[in-house]
Structure formats: structure tokens, C-alpha cells
A.B. asks: 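Dropping the structure in here first, questions after.
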Amino acid sequence: MDRSIKKVIIVGQGISGTFLSWFCYQAGLDFIVIDEPRSHTPSKVAAGIINPVTGRRVVKVWLDDLILPFAAASYDAVGNFLSVNGITRTSIIDFFPNPFMKESFLKKLAQKEDYISLLENEGPYPSFFNYEFGIGVIEPAYIVHLQLLLPAWRAFLKKEHKLMEEPLNFPELKAEEQRIRYKDVTAGTLIFCDGAAGAGNPYFATLPFALNKGEALILEIPGLPPDHLYKKSMLLAPMAEPGFFWAGTNYIWDFENENPTESFRQSAEQTLKQWLKMPFRTVDHKAAVRPATVERRPFAGFHPVHTNIGILNGMGTKGCSLAPYFAHQLVAHLLHRQPLLPEADIARFSRILHRNSP
Ligand SMILES: Cc1cc2nc3c(=O)[nH]c(=O)nc-3n(C[C@H](O)[C@H](O)[C@H](O)COP(=O)(O)OP(=O)(O)OC[C@H]3O[C@@H](n4cnc5c(N)ncnc54)[C@H](O)[C@@H]3O)c2cc1C
């Protein structure tokens, strides 16, 4: 068999493409990543937070006991390989924004929900924050250091001649039954990890994407301890650079472009002024479009007609925790035909993909 047939082309080097290429590398598969360098992708704008509980009703995230330990171990492994700190285990100091949220939290606590507790000793927080309804703690939570990991993996790919820094030009992609050709590359498989661009991808545009835009401010807050995440109606996450914090976010489904908005900046700064007792300075304002889906479940698997073209996408608001697990599943599926988790497998959309196949 032609060796090139075993090669995998991966389109995109956000969190999804990074982990897909990492697990291909670990499995000894030949691969190449094609990524258009863009500064405002969600993987570059995200805080990198992994919160084990979600929503107003403080429920555990989907598949928490499977996905969270897998993510933590995967970031440690990539981080060690690249000699960067991939992930930090921490806790979220959760200032209840109103009595209803406190009540929800206490109700879950009475049911002995995992990950949550009440902060008994308020420690230094009264001198840093304004709050009236008490403090909960969520633990363990994680901060993934995407600003360190993604460029380090990119540099490795470059060094290994496994990166094409350009947009994939669809007219040059020749998908034949036995092989894929793109420019001078011949491969057996191509997998799209193209984030929000997937909603316009000729192979996968009919999947039920529900893109939403999110924004964040980068703040300088001298003196605020960087050893926790802080949450009230927004989240403050310490960044790798001492004294700097990420603050966000919002969820906008109806948007005209991916630019930051003045209205977010004003309302976030207003909220921060009421919450923080210490001065802060906004040093940057970012926005990006999340590849979210109607069912809030990822898209993984292969096209029912073009069976050598696959996808790893739909990570929504939780790319940091979901991408490692589903990238690993997809590589095991590719190599050993191991079944994908049905809730993520795009086989569930087989009919619609068949009908609209290019
Ligand atoms: C403000 C904000 C805050 C967030 N915070 C968190 C958080 O704290 N924790 C968390 O888990 N998640 C968070 N998210 C969500 C998270 O960022 C996403 O789930 C995740 O980044 C999606 O990663 P991805 O690799 O699938 O897509 P992307 O990050 O969009 O990566 C896709 C890549 O493909 C490239 N590409 C696309 N089309 C092509 C093409 N045709 N040719 C070549 N290259 C192409 C793009 O340039 C990009 O590099 C946040 C998102 C936003 C917007």
C-alpha cells in the first residue's frame, strides 16, 4: 500500500487540532496540519478555564468523571513534552451574586453534590471584593495555559515540517475514494478541526451549529492574589503573566461580525468597578466566535459519503475539557475502528449529511 495513504491532513490548530495532532503523533501516525494564522480564534481568546459544575442550578458538567481527569492528564503530558506548564489545578472562589444563586448552591450542597463547599473563613477577600451573600468554593477547577501550549505545539510542528500556515483552499482539495490530494500532499484521511468556519465548510455546513460570540477583557490588577479563579456575575482568571487577569464573558447568538463591542467593554468595566475594591486597568479587549452546537454536544467522526473526510468540532463553551477526550477517541476510531461516543458521533446526522453531500 502507498505509505502516503496512511497520512492524515488536519485542518486547524485550535485546541481541537492541537490535540488531534498530538494523539496522531503519540500513535506514530504521519500527519500534517494546515492552519491559517489568525489572532482572534476562540482558542486564543479563551481563558482556559475548566469548571466542573455549570449553570444556575450548579450541575456537574457532562461526563465529568471521564472527561476532566482525562483532560488534566493530557495537558500535563503535552506540557511535559513541550517543557511548558500546561495546566494548573486550582479552585473557584464563587461569590454568590444574589440570594437565589446562594439558595441553589446550598440546595446542591445539601444533596452532597461533588466539587462544591462553602468557604468558612473569608480570609483576605473582604479587602479585595464587594459581596453581600457569602462565598462558595468549587474544587478542583483548572486553568489551561493555552497562551503557552498552542504556540509551543505550533513551534514543534514547524520544526518537524508538519505545518502549512495558510488557509485551506477548497477548490484545490481533491477527495477521491482511496486518497485525498491537496497541493503536493497525498493522504488517506483529512479531518477538519476548523472551529466556527465549520459552519461554512462544504462537507459539514449542514450540521446543527449554533455559533455564538464571546468577549473578554485583559486587565492589570496589581495586588490581587493569582492563586484562584474568582466568579460573581463574571469570571476573573489569573494569566501566566503576573498581575494580569482575564475577565469575561458574554454569549451573543445574533452578531454581525466577530469584533469586540463597546457595549461589552462598558458593562464589564461597570460590573468590575462594583465588584472589585482595588483599581484595575484594561489593557486589551478580545472577541471570538465559539463553535457551539444546538445540542451542546461535540461533532466527531467521518462523513457518511466521503468516508475519508472527518470532523472534530462543536466544542462550544467547553473546548478545554472536551477536545482532549474526543481527539483521543477519534484517533482510536481511525486506527482501530473503536466506536465513538454516540452523543458525539456525527453518525447521528448521517441522513442530513447524505442528502447535502458535495
Ligand atoms: C471569550 C471566550 C472565552 C472562552 N473561554 C473558555 C474557557 O475558559 N474554557 C473552555 O473550555 N472554553 C472556552 N471557550 C470556548 C473555546 O475557546 C472553544 O471551545 C475552543 O477554542 C474551540 O477550539 P477549536 O480548536 O475547535 O476551534 P478554533 O479555536 O476556532 O480553531 C480553529 C482553527 O482552525 C483554523 N481554520 C479554520 N478554517 C480554516 C481553513 N479553511 N484553513 C486553515 N485553517 C483554518 C483557524 O484559524 C483556527 O486556528 C471560550 C470561547 C470564547 C470566545
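Each ligand, and each atom within it, is numbered from 1 in the order the structure gives.
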A.B. asks: Under 3.5 Å between any N/O of Gly17 and any N/O of ligand 1: does that happen in this structure?
C.D. replies: no
A.B. asks: Do me a favour and list the nearest non-hydrogen protein atom to atom 29 (O) of ligand 1 with residue, atom name and distance?
C.D. replies: Ser43 OG, 2.5 Å
A.B. asks: Under 4.0 Å, heavy-atom basis, I'd like to know which part of Leu168 is in contact with ligand 1: side chain, backbone, both or neither.
C.D. replies: both
A.B. asks: Please identify which atoms of ligand 1 are closer than 4.0 Å to at least one heavy atom of Ala197.
C.D. replies: 37 (C), 38 (N)
A.B. asks: Using a strict 4.0 Å cut-off to heavy atoms of Gly12, name the atoms of ligand 1 that fall inside it.
C.D. replies: 33 (C), 34 (O), 35 (C)
A.B. asks: Heavy atom of Glu166 under 4.0 Å from ligand 1?
C.D. replies: yes
A.B. asks: In Å, rounded to the nearest 0.5 Å, how long is the span from NE2 of His303 to CD1 of Ile309?
C.D. replies: 8.0 Å
A.B. asks: Heavy-atom distance under 4.5 Å between the side chains of Val33 and Lys162, does that happen here?
C.D. replies: no
A.B. asks: Does atom NZ of Lys107 have more than 12 heavy-atom neighbours from other groups under 6.0 Å away?
C.D. replies: no
A.B. asks: Looking at ligand 1, is there an atom of it that comes within less than 4.0 Å of some heavy atom belonging to Trp246?
C.D. replies: yes
A.B. asks: What is the distance from atom CD1 of Ile32 to atom CE of Met164, rounded to the nearest 0.5 Å?
C.D. replies: 5.5 Å
A.B. asks: Only one of Ile15, Asn85, Val144, Ile87 forms a side-chain contact (heavy atoms from CB on, under 4.5 Å) with Leu149, so which one is it?
C.D. replies: Val144
A.B. asks: If the cut-off is 4.0 Å to any non-hydrogen atom of Thr249, which atoms of ligand 1 fall inside it?
C.D. replies: 1 (C)
A.B. asks: As an exercise, identify every atom of ligand 1 less than 4.0 angstrom from a heavy atom of Met315.
C.D. replies: 19 (O)
A.B. asks: Should the heavy atoms of other residues, nucleotides or ligands under 6.0 Å from CD of Glu172 be counted, would the total exceed 12?
C.D. replies: yes
A.B. asks: What protein heavy atom is closest to atom 18 (C) of ligand 1, reported as residue, atom name and distance in Å?
C.D. replies: Gly316 O, 3.4 Å
A.B. asks: At a 4.0 Å threshold, what atoms of ligand 1 neighbour a non-hydrogen atom of Ile49?
C.D. replies: 7 (C), 8 (O), 9 (N), 10 (C), 11 (O)
A.B. asks: Are Tyr142 and Leu229 co-members of a hydrophobic cluster defined by side-chain heavy atoms under 4.5 Å apart?
C.D. replies: yes
A.B. asks: Could you list which atoms of ligand 1 come closer than 4.0 Å to a heavy atom of Gly14?
C.D. replies: 25 (O), 29 (O), 31 (O), 33 (C)
A.B. asks: Using side-chain contact (heavy atoms from CB on, under 4.5 Å) as the criterion, point out the one residue from Asn313, Thr293, Ile311 that pairs with Leu207.
C.D. replies: Ile311
A.B. asks: Between Asp30 and Lys7, does at least one N-O distance fall below 4.0 Å, as a salt bridge requires?
C.D. replies: yes
A.B. asks: For ligand 1, which atoms sit closer than 4.0 Å to a heavy atom of Cys320?
C.D. replies: 9 (N), 10 (C), 11 (O)
A.B. asks: For ligand 1, is there an atom lying under 4.0 Å from some heavy atom of Gly248?
C.D. replies: no
A.B. asks: How far is atom 49 (O) of ligand 1 from its nearest protein heavy atom, and which residue and atom name does that atom have?
C.D. replies: Asp35 OD1, 2.7 Å
A.B. asks: Considering only heavy atoms of Thr41, which atoms of ligand 1 have at least one such atom less than 4.0 Å away?
C.D. replies: 47 (O), 48 (C), 49 (O)
A.B. asks: Does only the side chain of Glu36 get under 4.0 Å from ligand 1, or the backbone, or both, or neither? Count heavy atoms.
C.D. replies: both
A.B. asks: Classify the contact between Cys193 and ligand 1 as side chain, backbone, both or neither, using a heavy-atom distance cut-off of under 4.0 Å.
C.D. replies: backbone
A.B. asks: Between Thr261 and Glu215, is the side chain to side chain donor-acceptor pair (under 3.5 Å) condition met? List the steps.
C.D. replies: CA-CA 8 Å; Thr261 63; Glu215 298 178 63; 2.8 Å; yes
